[in-house]
Number of protein chains: 2
Amino acid sequence: MENPPEKTPATWESLPTWLLTQTASHAQRLVAEGFSSVGARGYHYRLLATLEEFGPASQAALGRRSGIHLSDMVAAINELTDRKLVERAPDPADRRCNIISLTAAGKRQLRRLEKRLAETQDELLAPLSPEERQRLTELLSRLLDHHSRRTRTPE
Amino acid sequence: MENPPEKTPATWESLPTWLLTQTASHAQRLVAEGFSSVGARGYHYRLLATLEEFGPASQAALGRRSGIHLSDMVAAINELTDRKLVERAPDPADRRCNIISLTAAGKRQLRRLEKRLAETQDELLAPLSPEERQRLTELLSRLLDHHSRRTRTPE
DNA sequence: ACCCAATCGTTCGGGCAACCAACGTTTGAT
DNA sequence: ATCAAACGTTGGTTGCCCGAACGATTGGGT
């Protein structure tokens with residue numbers, strides 16, 4: 001999306017969906033860059049943060065809480081265990097389950113990722129005043145709220 | 001992202017980058033659904049719209065104007081020619097080039113896609129008042145502007 | 001007139017986030 | 001005891017974005 005050097009003053013450029021997805025792609029790039037500078041990606045942060053917030057859990061529970069698909073958990077957890085940021089232990093009470101828990105190194109890494117993430121927020125919102133930032137997040141929250149309620153089966 | 005039925009009241013949920021990327025993913029889903037209901041996807045719309053706005057052009061020029069990578073043009077144009085929405089003709093003046101042009105059916109399809117797209121805007125912004133919609137697009141425009149200027153080499 | 005750099009279309013490949021289908025193992029409720 | 005459900009795992013698919021390479025063709029410089 002950044003490559004093509006030609007101007008594109010096209011019809012769709014002002015549509016909310018376009019503005020949204022485009023700014024989001026910039027945001028994602030910034031976040032990913034921040035994370036990759038410490039050798040991680042989005043899933044890693046989400047998992048580490050979820051682990052700290054809710055404590056050790058099975059892969060399935062972890063996936064539900066962090067919004068990561070079960071089939072993507074395997075690779076993500078593997079990558080984290082390879083880096084010793086997380087431990088995968090069999091659940092003695094239920095042999096189907098692995099219990100994933102945060103290591104000390106994992107906690108340190110989480111601190112680093114949080115720092116990067118905070119910097120990224122600022123980079124993203126650079127051109128906006130504090131009040132504008134406030135309004136933007138408020139509007140986005142409303143939108144997200146509305147649409148996740150419709151998709152997440154109400155009950 | 002919509003699948004897991006569990007609540008995820010996690011740390012990062014209020015971060016602007018999260019709100020942005022998540023609402024964007026909802027937006028993208030809505031757009032994609034709208035398009036696919038008439039057998040198209042994003043690239044198709046972008047190409048048809050660009051063709052109508054700028055007239056027939058080579059694949060390369062078309063790609064630059066619509067922000068689609070050259071290497072992705074082949075497949076997209078193939079799909080459009082298969083559906084007779086677009087014509088690929090050799091350029092008599094430059095045998096390296098294909099000249100892509102819109103057919104009547106392509107124009108009709110474009111009208112359909114525009115209609116879907118308009119409906120999608122409304123669906124996306126449903127919970128916002130007209131003034132709020134205005135403010136949101138203005139804020140997003142500012143952000144997008146700022147960040148695309150930094151990436152697109154100024155000159 | 002010639003050469004070389006640039007452009008065009010094309011193919012193949014990768015990355016990412018999200019998702020789906022299937023399977024064997026294990027569990028728990030009936 | 002059985003059977004549905006959950007768990008982890010493997011191996012796909014999709015859409016969008018990007019890069020490397022290559023043959024064919026072109027056009028500018030000299």
Side-chain angles (χ1 to χ4, degrees), chain A residues 1-6 17-18 20-22 24-33 35-36 40-47 57-64 66-79 81 88-100 148 151, chain B residues 1-6 17-18 20-22 24-36 39-47 57-64 66-79 81 88-100 148 151:
Chain A
M1 183 54 37
E2 342 294 353
N3 257 4
E6 201 153 316
T17 50
W18 176 260
L20 197 52
T21 53
Q22 289 314 295
S25 102
H26 281 285
Q28 249 196 297
R29 187 176 39 80
L30 293 174
V31 172
E33 284 170 8
F35 284 166
S36 81
R41 58 190 182 102
Y43 279 8
H44 299 164
Y45 165 72
R46 282 205 241 166
L47 288 173
S58 72
Q59 295 185 194
L62 205 47
R64 278 187 296 261
S66 58
I68 296 177
H69 199 101
L70 230 189
S71 47
D72 295 323
M73 294 291 295
V74 181
I77 301 280
N78 282 344
E79 290 154 9
T81 54
R88 194 198 249 120
D91 185 342
D94 185 342
R95 268 182 298 171
R96 292 171 302 177
C97 297
N98 294 330
I99 294 189
I100 311 298
S148 26
T151 44
Chain B
M1 179 58 37
E2 343 295 353
N3 258 6
E6 201 154 318
T17 50
W18 176 260
L20 197 52
T21 54
Q22 289 315 294
S25 103
H26 281 284
Q28 198 132 34
R29 188 177 39 78
L30 293 173
V31 171
E33 283 170 8
F35 284 165
S36 81
R41 58 190 180 101
Y43 278 11
H44 298 164
Y45 164 72
R46 282 206 242 167
L47 288 173
S58 72
Q59 296 184 195
L62 205 46
R64 278 187 296 259
S66 58
I68 296 176
H69 199 100
L70 231 189
S71 49
D72 295 322
M73 293 292 293
V74 181
I77 300 281
N78 282 344
E79 289 155 10
T81 54
R88 195 198 246 123
D91 185 341
D94 186 341
R95 270 183 295 173
R96 291 171 303 178
C97 296
N98 294 331
I99 294 190
I100 312 298
S148 23
T151 44

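Owing to the predicted nature of the structure, the values given are computational and were not obtained by experimental measurement. Quick note on labels: first sequence line is chain A, next is B, and so on, each numbered from 1.
Protein atom NE2 of B/His26 is 10 Å distant from nucleotide atom P of C/dA18, rounded to whole Å. As a whole-Å value, the separation of A/Asp72 CG from D/dG11 C1' is 12 Å. As rounded to whole Å, 15 Å separates atom C1' of C/dG9 from atom CG of B/Leu47. Atom C1' of nucleotide D/dT14 and atom CD of B/Glu33 are separated by 14 Å, given to the nearest angstrom. Rounded to an integer number of Å, the gap from CZ of A/Arg88 to P of D/dC7 is 15 Å. Spacing between atom CG of A/Leu70 and atom P of D/dG12 amounts to 19 Å, rounded to whole angstrom units. In this structure, the NE2 atom of A/His69 is 16 Å from the P atom of D/dT14, given to the nearest Å. The separation between B/Met73 atom CE and D/dC16 atom P is 14 Å, rounded to whole Å.
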- Message: Quick one, A/Leu47 with A/Ile100, criterion side-chain contact (heavy atoms from CB on, under 4.5 Å). Give me CA distance, side-chain angles, the key distance, then yes/no.
- Response: CA-CA 10 Å; A/Leu47 288 173; A/Ile100 311 298; over 6 Å; no
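Under a 3.5 Å cut-off, the side chain of B/Ser36 and the backbone N or O of B/Gly39 do not form any donor-acceptor pair.
Put simply, B/Arg29 has no side-chain N or O that comes within less than 4.0 Å of OP1 or OP2 on C/dA17. Distances shorter than 4.0 Å separate some side-chain N or O of A/Arg64 from OP1 or OP2 on D/dC7. In this structure, A/Arg46 reaches the C/dA18 phosphate: one of its side-chain N or O atoms is under 4.0 Å from OP1 or OP2. OP1 or OP2 of C/dC16 has not a single side-chain nitrogen or oxygen of A/Tyr43 nearer than 4.0 Å.
Picking from D/dC16, C/dG9, D/dG11 the nucleotide with the shortest atom distance to the side chain of A/Ser71 gives D/dG11. Side chain of A/Cys97, nearest nucleotide from C/dC20, D/dG8, C/dA18: D/dG8. For B/Asn98, whose side chain is taken as the heavy atoms from C-beta onward, the closest listed nucleotide among C/dG9, D/dG19, C/dC20 is C/dG9. Side chain of A/Gln59, nearest nucleotide from D/dT9, D/dC7, C/dA18: D/dT9. Distances from the side chain of B/Arg41 to the nucleotides D/dC16, D/dC17, D/dG8 place D/dC16 closest.
In this view, B/Asp91 satisfies the side chain to side chain donor-acceptor pair (under 3.5 Å) rule with no residue, not counting sequence neighbours. Checked against ring pair (Phe, Tyr, Trp, His ring centres under 6.0 Å), A/Phe35 has the following partners two or more places apart in sequence or in another chain: A/Tyr45.
The line from CD of B/Gln28 to CG of A/Leu20 is 9.5 Å long, rounded to the nearest 0.5 Å. Atom CD1 of B/Ile77 is separated from atom CD of B/Gln59 by 5.0 Å, given to the nearest 0.5 angstrom. Taking CE of A/Met73 as the reference point, atom NE2 of A/His69 lies at 11.0 Å (rounded to 0.5 Å).
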Contacts under 3.5 Å, N or O only, protein and nucleotides 23-30 of chain C:
from, atom 1, to, atom 2, distance (Å)
C/dT27, OP1, A/Arg95, N, 2.8
C/dT27, OP2, A/Arg95, NH2, 3.4

